[in-house]
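Encoded as structure tokens, the structure appears first; notes follow it.
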Amino acid sequence: MEFIYQARPSRILFGQGKLSAAAEEVAALGSRRALVLCTPQQTPLAQQVAELLGPSAAGTFDGAVMHVPAELVAQGTSVARDLGADCLVAVGGGSTIGLAKALALASGLPILAIPTTYAGSEMTPIYGITENRLKRTGTDLRVLPKTVIYDPALYLSLPVQAAVTSGINAMAHAAEALYARDANPVSSLMAEDAIRALAAGLTSIVDDPAGIKARGTALYGAWLSGTVLGAVGMALHHKLCHTLGGTLNLPHAETHTVVLPHALAYNRGQAPQAMQRIARALGCDDAPTGCYALASRLSAPLSLRELGMTEPDIDRVADIAAANPYWNPRPIERAELQALLHDAYEGRPPRFND
Ligand code: NAD
């Protein structure tokens with residue numbers, strides 16, 4: 001056996017009611033003037049957090065939107081400077097945490113993240129900033145949140161469909177972590193348990209949307225998924241979703257949900273051990289088929305068509321994805337990618353050619 005394992009330095013508070021520790025955690029970072037970040041839709045929650053912070057809240061900036069536009073980063077940077085902020089508190093999903101990361105990259109301010117989706121950005125040192133329609137991404141430890149508060153109570157407001165797609169987005173991180181080139185025994189343990197917890201949690205959320213226990217089970221899985229996303233490299237699935245999101249502006253979590261069974265089918269023959277672990281976690285015999293069955297049981301979107309893709313887009317996306325070589329357990333072949341995208345476009349069950 002041979003591997004490299006690199007732990008990431010972050011402090012995690014997990015549990016119902018843990019939001020109440022926000023002020024103490026800001027103080028523990030040595031900060032006294034926190035700027036609270038959120039999307040316009042989550043202003044009430046951000047205000048609640050600012051009230052909890054009391055005198056250590058410097059103000060609230062509610063401009064977070066998808067894809068972290070560079071103009072927003074400039075605006076946020078001047079707000080933080082004018083308020084004399086010495087810490088960023090990001091309350092929300094990947095878009096809000098993404099804004100905090102972009103501000104931290106320039107300023108070095110520490111981040112306390114309070115996630116409200118299952119996307120997992122809070123556990124990674126990966127950032128992205130969009131300028132002139134191009135998303136520049138990079139990795140820098142300065143953007144990794146120092147502290148993360150996971151409070152399942154904050155997830156009760158997430159509509160069931162959003163919880164399902166966000167949860168399958170998280171599952172995709174764990175699935176690809178299992179066949180990552182740089183996978184290690186710890187990341188694989190985490191990834192398998194992530195899939196198990198997410199599958200159980202999401203199923204219970206659909207059955208009982210008001211149940212906090214299920215929200216917490218899925219959140220535990222999402223934490224593990226975010227951790228492995230930050231620890232090992234991703235492959236075909238993430239590349240395809242990035243291309244679909246960037247080129248066609250398809251919705252993030254929904255796109256991950258539709259593509260995952262097909263990406264797994266593409267890689268099945270070249271990653272048998274990973275597939276076994278995914279299937280074991282899903283409680284089924286075959287990982288891609290089980291993943292498709294789970295999505296359909298959860299009434300998740302199954303086709304890229306219903307997300308707004310058109311048939312001529314298939315060729316364009318296949319061209320872009322095949323043009324940029326990247327590591328994947330199975331080499332990228334354009335004709336096979338096109339077939340995969342066609343199945344995902346139509347919402348067919350995954351097909352195998354391995
Ligand atoms: P998001 O942050 O855009 O949130 C989607 C919507 O849901 C927003 O309108 C938000 O206000 C609302 N919302 C969030 N939590 C809610 C809650 N609990 N209740 C009610 N409404 C709520 O979506 P996302 O899927 O979390 O994040 C997607 C973005 O994150 C993408 O741009 C993606 O690239 C990025 N991301 C980055 C990383 C990374 O490591 N850098 C990892 C994962 C995702």
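Order of appearance sets the numbers: ligands from 1, and atoms from 1 within every ligand.
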**Message:** I'd like to know if Arg334 pairs up with Asp319 as an ion pair, taking the criterion as any Lys NZ or Arg NE/NH1/NH2 lying under 4.0 Å from an Asp or Glu carboxylate oxygen.
**Reply:** yes
**Prompt:** Out of Ile149, Val148, Thr147, which one pairs with Pro145 under the side-chain contact (heavy atoms from CB on, under 4.5 Å) rule?
**Reply:** Val148
**Proximal protein residues to ligand 1, non-hydrogen atoms under 4.0 angstrom** =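 Protein residues near ligand 1 are Thr39, Gln41, Gln42, Met66, Gly93, Gly94, Ser95, Lys101, Thr116, Thr117, Ala119, Ser121, Thr124, Ile126, Lys135, Leu154, Ser157, Leu158, Leu229, His252.
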**Message:** What verdict does the side-chain contact (heavy atoms from CB on, under 4.5 Å) test give for Tyr127 and Arg136, after you've listed the backbone C-alpha separation in whole Å, the side-chain angles of each residue and the deciding distance to 0.1 Å?
**Reply:** CA-CA 8 Å; Tyr127 64 87; Arg136 173 170 61 90; 4.2 Å; yes
**Message:** Counting only heavy atoms from other residues, nucleotides and ligands, does the tally under 6.0 Å from CD of Glu24 exceed 12?
**Reply:**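 No, CD of Glu24 has 12 or fewer neighbouring heavy atoms, counting only those of other groups under 6.0 Å.
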**Asked** Backbone N or O of Thr43 within a donor-acceptor pair of the Asp62 side chain at under 3.5 Å?
**Response**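 A pair under 3.5 Å: no.
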**Request:** Say whether Leu224 and Leu178 are linked into one hydrophobic cluster, either directly or through other cluster members, by side-chain heavy-atom distances under 4.5 angstrom.
**Result:** yes
